Amino acid sequence: MSEWIDFVVYALEAIGLWIVMPRWGARMGQPMMRDRNPAWFDTHPEVIASASPGSWFMKACHAWCGVSILVLLAVQFGLQPRYFLPEALDTPHWKILMATNNLLIGIGMIGYLGGVSVFLRWMRRNVPLSEHRQATLRPRKAGNYVPRWSLLLVNGLICAHLLAWLYIGVFGLYHTPRFWWAFAGMVAMTALVHVIGRVIVNRRPDYLDQVAAAGYRRVEVWLAMFLQLVLVAFGSMALYRLLYDIPFQNSGQRYSNVVFSLFFIAILFAVNRMPFRPVGNGGRPPPATHITQ
Amino acid sequence: MDISILLSSPEPVYEQIVRQVQGGVATGLLKPGDPLPTVRQLAGDLQLNRNTVARAYKQLEDQGVILTAGRKGTFVRDDAVQEVGRLKSGQAERVVREMVSTLRSAGLDAAEISTLFNDALLKVKP
C-alpha cells in the first residue's frame with residue numbers, strides 16, 4: 001500500500017514538471033523578449049506572435065508526462081523494465097519505482113532544456129539587445145533582501161558544521177575510511193550552494209523581477225538560505241552516521257527522496273500560482289532596481 | 001541613483017558612465033562614502049563588457065571621485081564633491097580659452113569679446 005504513496009508522489013511530480021513547469025515557462029517567453037529590448041518588443045508584434053511558445057513543445061511535454069505516469073504505473077504493477085534485470089530480482093520494489101522516476105525525470109529534463117535552448121538561440125538571433133540600458137548605482141547584497149541576523153545565523157551554522165567535520169576528521173574520531181571523501185563532497189556541496197546564493201543576488205534585474213510579484217528576489221534569497229540550512233541538516237545527519245559507523249538505511253533514502261519530491265512539487269505549484277504583471281510599458285527600459293530596504 | 005546609457009550615442013559608453021557618476025556627485029545624489037556596485041554587477045546590469053565599466057571606474061578613480069578599497073568595494077571619496085567641482089571648473093576654463101582663441105583668430109579684440117560674453121550672459125538664462 002505504501003508504495004502507492006510513492007507512486008502518487010512521483011505521478012504528481014511528473015504533472016508538476018511536465019505540465020505546470022512548461023506552462024509557467026511559456027508565460028516567460030514574452031517578458032524575456034521585452035526585457036531584452038522593450039522598444040523592439042513594442043514595434044514587432046508580428047515577430048512576437050510568431051515566437052509564441054511552440055505548441056509542439058507543450059505537446060511534447062504533456063506527452064512525456066503521460067508516458068512517465070504510464071511507465072510508473074507499469075512498474076507499480078510489476079512490469080519492470082528489462083534494464084533492471086537481473087539486479088531487479090533482489091531490489092526492493094520502491095527502489096525500482098524511484099530509479100524509474102529518476103530516469104524519466106533525467107530524460108525529460110534533457111529534452112526540456114533542449115527546447116529552452118532552442119528558444120534562447122532564436123531570441124539571441126532575432127531580438128537585438130536594447131540600445132538604451134539602465135542600471136542602479138546601488139550595490140546589491142544579500143543583506144538588502146533578508147535581515148542581517150539571518151545571514152549571520154546561516155553563515156555561522158555553515159562554518160560550525162564544516163568545523164565539526166574538520167574536528168572529527170583531524171582527531172580521527174570517525175570509524176569509516178570513507179570519511180575524507182564524504183568531507184570533500186560536503187565542502188563541494190557547500191561551495192555550490194554558496195555560489196547559487198551569490199548568483200541569485202548578483203543576477204541582473206530581469207524579466208523575473210518584472211513579471212513576478214514585488215519582492216520576488218527576496219523569496220529567491222530566502223530559498224537559497226533554506227537550501228543552505230537543508231545542506232547543513234543533511235550534512236549533520238551524515239556526520240552522525242559516519243561518526244558511529246551507522247549504515248545508510250534504505251528506508252531513509254526512500255523517505256528523503258519522497259520528501260524531496262514533495263518539496264519540489266510544492267515549489268512548482270507555488271511558483272505557478274505566482275501573480276504575473278502584464279508585459280509592455282510603451283518601450284521604456286525596464287526598471288533598474290528592485291532593491292528594497 | 002540610476003544611470004542609463006545609450007549605445008548609439010556618439011559619446012563613448014565609459015564616458016557616459018563617468019559623466020553620470022560625476023553628475024550624481026555634483027547634484028548630491030551620490031554622497032561621500034556611498035558604496036558603488038562592483039564592476040561585475042554594473043557590467044551585468046548594463047549588459048556591457050566588464051572592461052568598459054572597469055575603464056570608467058579607473059578614470060573616476062584617477063580623477064579622485066571614487067576610491068576602490070579592495071574587497072570592501074568601491075566608494076565615493078570624501079572629497080569627491082570638491083574634485084568634481086575642480087574638474088568642472090577645469091573643463092569650463094578649457095572651453096572658454098578655446099572660444100577666446102577662436103574669437104581672437106577671427107580678429108576681435110578684448111573689448112569686443114568681453115561685450116559678447118556679457119551679452120550672452122544676459123541673454124542665456126540658466
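Per chain, numbering begins at 1; letters A, B, ... match sequence-line order. These numbers were taken from a predicted model, which means no experiment stands behind them. Hydrogens, waters and symmetry mates play no part in the numbers below; they use all other heavy atoms, side chains included.
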* To do: May I ask you to list the residues in residues 28-40 of chain B that approach chain A closer than 4.5 angstrom, counting heavy atoms only, ordered by number?
  => B/L30, B/P35, B/L36, B/P37
* Using side chain to side chain donor-acceptor pair (under 3.5 Å) as the criterion, list what pairs up with B/Q59, not counting sequence neighbours. => none
* Asked: Considering residues at least two apart in sequence or located in another chain, which fulfil the side chain to side chain donor-acceptor pair (under 3.5 Å) criterion with A/E131?
  -> B/S8
Supply the atom-to-atom distance [X] [atom1] to [Y] [atom2], rounded to the nearest 0.5 angstrom.
| X | Y | atom1 | atom2 | result |
| --- | --- | --- | --- | --- |
| A/N202 | B/Q41 | CG | CD | 6.5 Å |
| A/L137 | B/I3 | CG | CD1 | 4.5 Å |
| B/L46 | A/H132 | CG | NE2 | 10.0 Å |
| A/R140 | B/D45 | CZ | CG | 4.0 Å |

[X], [atom1] atom: more than 12 neighbouring heavy atoms under 6.0 Å:
| X | atom1 | answer |
| --- | --- | --- |
| A/F234 | CZ | no |
| A/R198 | CZ | no |
| A/R203 | CZ | yes |

* **Minimum heavy-atom distance A/R133-B/Q47, with the two atoms named** => NH1-O, 2.7 Å
* Apply ring pair (Phe, Tyr, Trp, His ring centres under 6.0 Å) to A/H194 and list each qualifying residue two or more places apart in sequence or on a separate chain. => none
